[in-house]
Student: 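For reference, the structure I am asking about is given below.
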Amino acid sequence: MAFKLHDATTAPDASIALLKASGGPSGRASNVERVMAESPELLEAFATAYGLFGRSSLSAIEQQVVAQTANYENTCEYCMPWHTTYCIAAGMAPGDVTALRENTPLSSPRLEALRHFTRSLIQNRGKVSPAERDAFFAAGFAERQALDVVLGLAMKLMTNYTNSIAGTPLDEKVRHLAWKKPGIAMGSLAAGSK
């Protein structure tokens, strides 16, 4: 079954205003938002979480470290290209943009500590060890920033999981940044890796 890419003519009534607002000046929402429009509640929750994460205590670059770590860990081929553009817009060093796409070390120990903490939360389903939590704080982060990482992961769960079940097609605007997870052969996720 194919998921619909809704627009203002096909979306449920409760999603129409949200789609129009997410489209910005171009008037066109991203494909993941168009898929989410099938569930007005999901689309509203995503829009709310996205806005709140943007206002969080993490800098714009730190927010993208969280987002791209989630995109990498969840193998989200849809979100990785979009957030590559957001990394660039935030002023991230080109080497760090690449490092997030290739899972190689970041140039800053602080950003690397953020990525490690974020990755540990994902891989361990929120059960980070006291040592990992302490390392995050030792890198200069505070309790609020730890909680803002949780907010960012909640937002990314909505997009990463939606794209996984819907097979959301990549928007033309970011096709030149298409991404495949290094070391993952096509079909190995479905077949189960050993």
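The first residue of the sequence shown is numbered 1, and numbering continues consecutively from there.
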Student: Does the side chain of R101 come within less than 4.5 Å of L177's, by heavy atoms?
Tutor: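 Yes; the side chains approach each other to less than 4.5 Å.
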Student: Using a distance-only test with no angle check, is there a side-chain donor-acceptor pair under 3.5 angstrom linking E33 and S30?
Tutor: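 Present: a donor and an acceptor within the cut-off.
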Student: Checking S22 side chain against L19 main chain: does a donor-acceptor pair fall under 3.5 Å?
Tutor: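 Such a contact is found between S22 side chain and L19 backbone.
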Student: Distance only, no hydrogens: is a donor on one side chain within 3.5 Å (strictly under) of an acceptor on the other, for D148 and Q145?
Tutor: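 Note: D148 and Q145 side chains miss the donor-acceptor criterion.
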Student: Side chains of D171 and W82: do they bring a donor and an acceptor to under 3.5 Å?
Tutor: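 D171 vs W82: donor-acceptor pair found between side chains.
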Student: So for atom CZ, which belongs to F137, do other residues, nucleotides or ligands contribute more than 12 heavy atoms lying within a distance under 6.0 Å?
Tutor: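 Enclosed: over 12 neighbouring heavy atoms sit under 6.0 Å from CZ of F137.
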Student: Got a second to check how far L111's CG is from I61's CD1, nearest 0.5 Å?
Tutor: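 If I round to the nearest 0.5 Å, the distance is 7.0 Å.
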Student: Between atom CH2 of W179 and atom SG of C76, what is the distance when rounded to the nearest 0.5 Å?
Tutor: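 W179 CH2 to C76 SG: 8.0 Å, rounded to 0.5 Å.
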Student: Applying the 4.5 Å side-chain criterion to the ILVMFWY set and letting contacts propagate, would V97 and V65 be lumped into a single cluster?
Tutor: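 Yes; tracing contacts between hydrophobic side chains, which count when under 4.5 Å, links both residues.
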Student: Which atoms form the tightest heavy-atom contact between P12 and P40, and what is the distance?
Tutor: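 Of all heavy-atom pairs spanning P12 and P40, the closest is CB-CG, 4.0 Å.
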Student: Rounded at 0.5 Å granularity, tell me how far CG in L153 sits from CG in L121.
Tutor: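 So the CG of L153 and the CG of L121 are separated by 6.0 Å.
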Student: Under a 3.5 Å cutoff, is there a donor and acceptor pairing between the side chains of H83 and Q64?
Tutor: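 The answer is yes; a qualifying pair exists.
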Student: Backbone N or O of T159 within a donor-acceptor pair of the N163 side chain at under 3.5 Å?
Tutor: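 Yes, N163 side chain to T159 backbone: donor-acceptor pair under 3.5 Å.
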Student: With rounding to the nearest 0.5 angstrom, report the CD to OG distance, E41 to S15.
Tutor: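 Nearest 0.5 Å value for the CD-OG distance: 7.5 Å.
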Student: Please check: side-chain N/O of T84 versus main-chain N/O of M80, any donor-acceptor pairing under 3.5 Å?
Tutor: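 Yes; at least one donor-acceptor contact below 3.5 Å.
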Student: Measure across M155 and A49 and return the closest heavy-atom pair with its distance rounded to 0.1 Å.
Tutor: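 Result for this residue pair: CB-CB, 3.9 Å.
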Student: Residues in ring-ring contact (aromatic ring centres under 6.0 Å, His included) with Y50, at least two apart?
Tutor: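 Applying ring-ring contact (aromatic ring centres under 6.0 Å, His included) to Y50 gives F46.
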Student: Are F53 and Y78 linked, directly or through intermediate hydrophobic residues, by side-chain heavy-atom contacts shorter than 4.5 Å (ILVMFWY only)?
Tutor: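 Linked, Y78 and F53 end up in one cluster.
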Student: Under a 3.5 Å cutoff, is there a donor and acceptor pairing between the side chains of R119 and N103?
Tutor: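 Side-chain D/A pair, R119 to N103: present.
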Student: Taking Y72 as the starting point, is it possible to reach F117 by hopping between hydrophobic residues whose side chains are less than 4.5 Å apart?
Tutor: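 No, because F117 and Y72 fall into different hydrophobic clusters, even though each may have its own neighbours under 4.5 Å.
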Student: For E112, look at atom CD and say whether over 12 heavy atoms of other residues, nucleotides or ligands are found less than 6.0 Å away.
Tutor: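 Yes, because the 6.0 Å sphere around CD of E112 holds more than 12 heavy atoms from other groups.
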Student: So does L170 get a backbone contact from the side chain of R175, meaning a donor-acceptor N/O pair under 3.5 Å?
Tutor: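 Yes, because the side chain of R175 sits within donor-acceptor range (under 3.5 Å) of the backbone of L170.
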Student: With a 4.5 Å heavy-atom cut-off, do R28 and R34 have their side chains touching?
Tutor: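 SC-SC contact between R28 and R34 confirmed.
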Student: Would you compute the distance between atom CG of L114 and atom CG of L106 and round it to the nearest 0.5 angstrom?
Tutor: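 The CG atom of L106 is 8.5 Å from CG of L114, to the nearest 0.5 Å.
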Student: Does NZ or CZ of R110 come closer than 6.0 Å to the centre of the six-membered ring of F141, within 45° of the ring's axis?
Tutor: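 Yes - R110 lies over the ring of F141, closer than 6.0 Å to its centre and within 45° of its axis.
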Student: With distance as the sole test, does T104 use its side chain to make a donor-acceptor pair with the main-chain N or O of L100 at under 3.5 Å?
Tutor: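 Judged by distance alone, no pair lies under 3.5 Å.
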Student: Are I165 and L157 co-members of a hydrophobic cluster defined by side-chain heavy atoms under 4.5 Å apart?
Tutor: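 Each belongs to a different hydrophobic cluster.
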Student: Is there a side-chain contact between L147 and R144 in this structure, where contact means two heavy atoms from C-beta onward sitting under 4.5 Å apart?
Tutor: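 Counting from C-beta outward, L147 and R144 never come under 4.5 Å.
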Student: Can T168 and N31 be counted as having a side-chain donor-acceptor contact under 3.5 angstrom?
Tutor: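 The answer is no; no qualifying pair exists.
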Student: Between K156 and N74, is any side-chain donor less than 3.5 angstrom from a side-chain acceptor?
Tutor: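 No, N74 and K156 have no side-chain donor paired with an acceptor closer than 3.5 Å.
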Student: List the atom of R115, the atom of P105, and the distance in Å for their closest heavy-atom pair.
Tutor: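 R115 and P105 have their closest heavy atoms at NH2-CA, 3.5 Å.
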Student: CD/Q123 to OG1/T118 distance, rounded to the nearest 0.5 angstrom?
Tutor: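 One finds 11.0 Å between CD of Q123 and OG1 of T118.
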Student: With the 4.5 Å side-chain cut-off for hydrophobic clustering, are V35 and L18 part of the same group?
Tutor: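 Looking at the clustering, L18 is in a separate group from V35.
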Student: Does F3 have any ring-ring contact (aromatic ring centres under 6.0 Å, His included) partners at least two apart in sequence or in another chain, and if so, which?
Tutor: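 ring-ring contact (aromatic ring centres under 6.0 Å, His included) check on F3 returns nothing, list empty.
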Student: Has D96 got a side-chain atom pairing as donor or acceptor with A99's backbone, closer than 3.5 angstrom?
Tutor: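 No.
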Student: When you look at M36 and M158, which way does the side chain to side chain contact (heavy atoms under 4.5 Å, CB included) test go after all the steps?
Tutor: CA-CA 9 Å; M36 286 179 168; M158 288 185 259; 4.0 Å; yes
Student: I want to check something: taking the side chain as every heavy atom from C-beta on, are V66 and Q63 in contact at a cut-off of under 4.5 Å?
Tutor: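 Not in contact.
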